[in-house]
Amino acid sequence: MAYTLELDRVTKAFDGFVAVDHLSFNISEGEVFGLLGPNGAGKTSTIRMMIGITVPDSGAVRVFGQPLARRLLDRIGYLPEERGLYKKMKIIENLVFLARLRGLSASEGAHRSMEWLERFDLGRWANSRVEELSKGMQQKTQFIAAIIHNPDFLILDEPFSGLDPASSVVLKDALLDLKKQGKTILFSTHRMDTVERLCDSICLVNQGRSVLLGVLRDIKASYGRSSIQLEYEGELPLLNDPALVAGSNDFGNYVELRLAPGADPQRVLELALRTAKIHRFEMVEPSLEEIFIDTVDSSRVDTNRA
Amino acid sequence: MRNILLIIGREYLVRVRTKSFIFVTLLMPLLLGCAVVIPNLLMLDGTDVRHIVIVAADGSLANSVKSELAPFHASGEEIPTQTGDGKTDRPRFNVSVETAPTEALRRQLSTRVRDGSLDGFLWIDADAVTTRKGTYYSRNASDIIESSIVSRALRLALSERLLAGQGLSPAQAKEVLGQVNLNTVHIDKQGTRESNGMGAFLLPFLLLMAIYMTVLIYGLYVMRSVLEEKASRVVEVLLSSVTPMQLMAGKIIGVGAVGLTQVSIWAAAGIILGKFTNASHAVGESMKDAHLSVAVIIAFLVFFILGYATYACLYAAIGAMVNSDEEAQQFQFPVTLPLILCIVLATAIMRDPDTTLAFVLSMFPLTSPIIMFVRISVSTPPLWQIAYSIAISLASLYGLVWLTSRIYRVGILMYGKRPTLSEIFKWIHYV
């Protein structure tokens with residue numbers, strides 16, 4: 001299978017601080033890939049090396065099967081985490097300028113910009129300055145800037161941040177369209193719900209290193225149905241029993257818990273019924289969020305021990 | 001190359017379209033126009049014929065004053081004035097003489113001045129020769145030109161009378177009282193030419209201020225522009241399409257082109273104003289001696305570009321290093337210091353363009369663009385010095401571009417705390 005992106009033991013240090021530490025992963029063509037990790041894990045540093053803003057200290061970056069080179073960048077689209085538009089310029093001017101930098105003609109850039117603006121319901125704002133727009137509108141404009149040149153590989157850093165639910169749906173549909181067209185998409189985020197629904201594969205990074213990597217379905221399957229989702233009213237002291245519960249994420253009237261090895265789920269239900277009113281009890285695969293927290297926690301423990 | 005052009009284009013268009021640019025660019029010539037045209041209009045009023053009356057018991061003294069006013073005499077032939085310039089700008093006088101100074105006459109003349117049939121009258125008391133005093137009555141006491149002409153005429157008439165008392169003939173007295181004309185002659189390698197001093201200084205000074213202002217203002221624009229892209233994170237998007245070097249070069253050239261546009265508009269406005277107004281005649285007159293030769297114009301362009309490029313690089317590096325305007329100010333000062341030094345020393349160097357200090361400053365890359373230009377515009381430094389100055393400037397510019405592009409490349413992606421000197425040094429060594 002052809003890879004759109006290959007990272008081979010990529011390392012980058014700033015002033016002795018290792019931001020990315022021998023990170024390796026591949027993204028297959030047409031795949032939606034999630035690059036996950038807590039803040040400061042090295043996601044942005046990694047992405048910057050994928051688009052040639054910075055150069056790795058060691059290791060290799062290959063895109064479309066070739067070593068990263070400037071001319072390949074025209075086939076990549078990039079949405080930075082923070083909005084990067086000229087505030088004093090009109091939306092349409094911003095888009096046409098960035099489109100032209102990507103090699104499009106001015107008229108083609110304007111044409112495509114208007115098409116996308118209409119699709120995102122921003123058509124009547126085309127001649128407004130960026131600073132007059134809401135955060136969500138700016139985010140949508142930024143997204144258009146990233147895909148205006150119809151890239152084969154799209155890198156999105158926190159694409160859904162700052163979007164209201166309706167806009168999120170429009171953006172998600174646009175992404176699914178791109179996926180259907182065979183584009184490769186890389187997400188960098190710490191929003192697990194989005195990743196869970198959209199991504200085929202993930203790489204979880206922590207402190208610059210890959211701690212979990214693979215096809216999302218396989219990863220979740222490997223954990224088995226060892227998790228319980230509980231909707232309840234009352235108290236659940238059993239959550240603090242290490243013999244039964246290995247970890248939990250409690251929302252007050254909803255809890256996701258992971259069973260301790262060898263623990264009996266029926267025993268959990270029994271204990272729960274004694275102290276609380278149970279509305280729902282379901283055994284499920286662990287959510288990505290649980291896996292995320294669990295993995296990050298254990299890798300942190302590892303580092304502390306080391 | 002296409003990318004650089006796109007960046008230049010954006011940088012240029014965005015700036016030229018701002019209200020502040022349009023405002024300042026148009027306001028300057030407008031202010032200049034007002035400063036030139038309004039006094040001109042007032043002066044035009046002053047070129048009317050003034051009807052005045054000289055009242056003195058001593059008729060010959062009165063006539064003597066009248067003849068001193070003669071250069072401005074409406075009916076008489078104009079004789080060359082002693083001051084020799086601006087003849088047409090001076091008011092003309094239509095003078096009549098009264099030799100019976102009575103209170104009734106004074107009242108009558110006052111009434112005529114008030115109702116406008118007379119512009120003014122000069123009242124000379126009988127003891128004027130000893131007191132050297134006269135009184136000039138007019139509607140507009142603040143018309144300095146008119147009263148100074150009258151005062152001068154009275155002074156000359158009284159002095160002639162005094163000298164006649166010492167036994168000098170009127171012709172001899174006139175000679176004694178005649179003005180001195182001092183011609184200054186400018187000597188340089190190409191020969192000699194006459195100049196009246198003023199112009200020889202004024203034009204180079206204006207040009208040097210143009211370099212100074214543009215370098216400073218547009219250098220700061222480059223800094224702001226870098227800072228703005230950094231703060232708004234646009235730079236991340238841009239750098240996925242262009243190299244830091246292209247971005248920096250495009251920015252510096254684009255902003256510089258805006259500066260050049262503004263200076264050109266001002267220069268054109270200045271020339272048009274000079275052509276179409278009378279009052280700038282006086283300025284134009286003194287300017288005619290300023291040798292705005294082709295060499296000086298070329299020197300202006302060369303040193304303007306060198307100076308701007310040098311400082312724009314430095315300011316771009318500052319913009320890349322800092323996160324806010326406040327932080328930028330601390331770095332700004334040391335960079336701006338050599339520029340200010342140039343302006344402080346400019347007049348001294350104009351007067352004395354070949355001192356060791358002038359030579360050293362015209363070689364040092366941060367001061368040479370201004371100082372060498374000053375030297376070229378007022379004298380002719382040896383050709384090898386000009387060549388050295390340009391060569392040193394170009395060499396340092398090359399090094400500076402290399403250095404700042406490295407600082408820029410790392411700096412624009414660094415947010416948060418301000419870097420220390422040792423950190424900046426490390427940036428330069430990053431691959």
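None of these values were measured; they are calculated from a predicted model. Every chain is numbered from 1, with letters handed out A, B, ... down the list of sequences.
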**Report entry** Members of residues 70-77 of chain A whose heavy atoms come closer than 4.5 Å to chain B
**Finding:** A:R70, A:L73
Report task. Pull out the residues in residues 101-110 of chain A that come under 4.5 Å of chain B, heavy atom to heavy atom, sorted by number. Result ->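 So the qualifying residues are A:L101, A:R102, A:G103, A:L104.
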Query raised in the report: Would you say A:W125 has more than 12 foreign heavy atoms packed within less than 6.0 Å of its CH2?
Result: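 No - once you tally the heavy atoms of other residues, nucleotides and ligands closer than 6.0 Å, there are 12 at most.
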Query raised in the report: Do other residues, nucleotides or ligands put more than 12 heavy atoms under 6.0 Å from the CE atom of B:M28?
Result: no
Query - side-chain contact (heavy atoms from CB on, under 4.5 Å) between B:V237 and A:L85, worked out - result: CA-CA 8 Å; B:V237 184; A:L85 295 168; over 6 Å; no
Query - Residues in side chain to side chain contact (heavy atoms under 4.5 Å, CB included) contact with B:D325, at least two apart in sequence or another chain - result: B:R224, B:L227
Report task. List for me each residue that meets side chain to side chain contact (heavy atoms under 4.5 Å, CB included) alongside B:T18, sequence neighbours excluded, and say none if there are none. Result ->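 B:T18: side chain to side chain contact (heavy atoms under 4.5 Å, CB included) contacts with B:S20, B:F21.
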Query raised in the report: Taking all atoms of both residues into account, what is the closest heavy-atom pair of B:L6 and A:F97, and its distance?
Result: O-CE1, 3.5 Å
Requested in this report: Side-chain contact test, heavy atoms from C-beta onward, threshold under 4.5 Å: evaluate it for B:R10 versus A:M89 and give yes or no.
Outcome: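 Result yes, sub-4.5 Å side-chain heavy-atom pair found.
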Query raised in the report: Just wondering, do B:R233 and A:E81 contact through their side chains at under 4.5 Å, heavy atoms?
Result: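 Side chain of A:E81 against side chain of B:R233, heavy atoms only: no contact under 4.5 Å found.
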Report task. May I ask you to check whether A:Y86 and B:E228 show a side-chain donor-acceptor distance below 3.5 Å? Result ->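 Looking only at side-chain atoms, B:E228 and A:Y86 do not form any donor-acceptor pair under 3.5 Å.
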Query raised in the report: Under a 4.5 Å heavy-atom cut-off, does chain B meet the side chain of A:Q142, its backbone, both or neither?
Result: side chain
Report task. Go through B:N3, B:L13, B:V14 and name the one with the most non-hydrogen pairs under 4.5 angstrom from chain A. Result ->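 Looking at each of B:N3, B:L13, B:V14 in turn, B:N3 comes out on top.
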